[in-house]
2 protein chains.
Amino acid sequence: MTGVVSSNVTVDLTAVIVSVRDRMPCVLEIDPEAGGRPHLPWGPLGPEHHTLEAGLREWVERQTRLSLGYVEQLYTFGDSSRAGATSAAAERVGGARAARNISVAYLALVHADGALASVSDAAWRGWYEHLPWEDWRGGEPKSMRTVRDRLEYWAATGDGDEVRARRRTRIRLAFGENGMPRDEERVLERYELLYEAGLIPEAWYDDALHPSAQAASMPGRPMGTDHRRMLATAIGRLRGKIKYRPVLFELMPQSFTLLALQRTAEALTGAGLHKQNFRRLVYNQQLVEPTGDVEQETGGRPAKLMRFRREVELERPSPGVRMSATRRAGLV
Amino acid sequence: MTGVVSSNVTVDLTAVIVSVRDRMPCVLEIDPEAGGRPHLPWGPLGPEHHTLEAGLREWVERQTRLSLGYVEQLYTFGDSSRAGATSAAAERVGGARAARNISVAYLALVHADGALASVSDAAWRGWYEHLPWEDWRGGEPKSMRTVRDRLEYWAATGDGDEVRARRRTRIRLAFGENGMPRDEERVLERYELLYEAGLIPEAWYDDALHPSAQAASMPGRPMGTDHRRMLATAIGRLRGKIKYRPVLFELMPQSFTLLALQRTAEALTGAGLHKQNFRRLVYNQQLVEPTGDVEQETGGRPAKLMRFRREVELERPSPGVRMSATRRAGLV
DNA sequence: CCATTTAATGCTCATTAGGAGTATAAGGAG
DNA sequence: CTCCTTATACTCCTAATGAGCATTAAATGG
């Protein structure tokens, strides 16, 4: 033993930084120099970081000049077989066979009026560009057609009746079909299913899965080193969390109209909401209070401007916006 | 650079293994040889582990001869200031100044009829021995008296009116009081509050917190290296999860009575449930089906034996036992 | 100034989920 | 046969919530 270190493990800190601008949920991405895939801000955990979260904040600030507000840990990824899981680490480690690399992913929320932070190659990009099958605000997205076709092909080419049946069940569960409603929180499950079906280009470096010719035209822009999986995790977490914690307001400006709030919720959940019921919900929960001003630019009757009532967090155990999508697809 | 490794980070895999036996929720613990504190099964992630979960399973199996079924990732802990966060790692690393150590904690569930696995110094211990303020099945536990007194003292000795007010608000939020109902899921929040208040012996190695003489008699048995925090995290997660996923059945034997199921749910949530409503819930959700047999040892009318209907997971998006505690404390 | 359009806002209705309690059934112990 | 115990079946009531109708307040074009 050299006495320096025993473990061959490097730990990366990766940030899924979310903001919603103009009905479009966005992630902060770093575009590669040489035509590679965009990736999330990240950096290795070092001895100087006293907490994981502190390390993450520092890396993000360094790479994007953005100072984060709300941050929560998402998940720790560590499959050594996963696409690119080791490649980036290998470089940093100086070419030695860095056997192992794990990534601790964080979710961060940025207010809509927060700094644009387009510095240092970082840019906001709509997350549905990466996962177009997750946006059902306008009814079933066009990409679902392709997705279903590809998945059905995958299911049909399974080895044996049982395998085929099991695959079809999983598809039905993840994406919803006749009878079975789609669960908007199962973002990761859907991504993983597509991954297993060989429809995610990021998987093509994976031993176990063969590049599928048909996946070439799969909708959804790939990202670097398994980062799309982290994005899917973040979306799922966020969609669940807004229902029982007032995190939605971490994405809103100081004052906002109820419709703006609703549009933000819709952007995240990817589903249309019933306007009147949404208002009733927000009011009943006493999540907001009027600022006294009104927004004139509505196009119709002016809307009262509201602000978040921070006190609710001290009043009730789990305030949140537990809305559910309208049965009939589309905005209301 | 030596060419061997660049990071000074070691990654541990730690398991909170839960089982419920006879109304008592238990964790699998490893008792120390030399009168130290009990700790959870754990081991370092090595290059031979292809996934974190696989590494965890291997360590648990090696240390306790127990083969795990249901496993999910809980949280990754990495505060370098946290009690014992580095000490254990330092030993393994051979005395070198291992600057950094993080722990990926997992939650595992074991069926009540699973192997006792009392081999290799491992033993099941009731989790409320470590966190007695979490068991409200028989109404407010006696330990709450001490806890409230200590917390109130901590709040009262805060520096400045504002600090004192904020501390009292946090206490009220975490533990619930007049008006504010206690949220049984906020286990970690309660633990962290006690930790900050200097009432958790594990914290006494922490720079920022001074050992408080009054904490000497705090109820609740300490554990090694921050493992009690992981236990708190596990309990909170589990209490939340049984409400929307049928994980409760991962703790039950093949066949069981509805009362046994209810007792298990109560053991986890630490609250009494309304028997008739619990049955209605379980029936309406179609979570179980009768085996045809009956249990005679009930002490009264024999109870139908039931089994879990695995199919529900394929039928509805989020089946679970979303019960809520009876208002009036105590069993019904 | 008035009709029309566009949103905001207010309110009703029906259904469901869930908290609480009453009543009945089916065993064993004495 | 009576009492005790637990299982099981219902009833009642209220709060939450999905859906839709109605009204209000601005802007715009005639």
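Chain A is the first sequence line, chain B the second, and so forth, proteins listed ahead of strands; every chain is numbered from 1.
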Rounded to whole Å, please give me the gap between [atom1] in [X] and [atom2] in [N].
X	N	atom1	atom2	answer
B:Leu305	D:dT6	CG	P	17 Å
A:Asp293	C:dA8	CG	P	17 Å
A:Leu281	D:dA15	CG	P	17 Å
B:Gln262	D:dA7	CD	C1'	12 Å
B:Gln296	C:dA29	CD	C1'	15 Å
A:Leu261	C:dT9	CG	P	12 Å
A:Leu273	D:dT17	CG	C1'	13 Å
B:Met306	D:dT8	CE	P	8 Å

Can you find a side chain N or O atom of B:Lys275 that sits less than 4.0 Å from OP1 or OP2 on D:dA7? yes

At how many degrees, to 10°, do the end axes of the helix from C:dC1-D:dG30 to C:dG30-D:dC1 meet when each uses five pairs? 10°

Distances under 3.5 Å between protein N/O atoms and the N/O atoms of nucleotides 10-16 of chain C, please, pair by pair.
unit_1: C:dG10; atom_1: O6; unit_2: A:Gln276; atom_2: NE2; d: 3.4

Rounding to 0.5 Å, atoms CZ (B:Phe175) and CD (B:Glu134) come to a distance of 7.0 Å

Looking for any heavy atom pair under 4.0 Å, which part of the strands does B:Leu259 touch: base, sugar-phosphate only, or nothing? sugar-phosphate

Nearest-nucleotide check on DNA chain D, A:Gly300 vs A:Asn284; residue mapping nearer the 5' end is A:Asn284

Tell me if the side-chain of A:His274 makes a donor-acceptor pair with the base of D:dG20, cut-off 3.5 Å, by modelled atom types. yes

Within 45 degrees of the ring normal and closer than 6.0 Å to the centroid, is that where the cationic atom of A:Arg21 sits relative to A:Trp124? yes

Sequence neighbours left out, what passes salt bridge (Lys or Arg N to Asp or Glu O under 4.0 Å) with A:Glu192? Give chain and number order. A:Arg82, A:Arg229

Within a 6.0 Å radius of atom CD on A:Gln254, are there more than 12 heavy atoms belonging to other residues, nucleotides or ligands? no

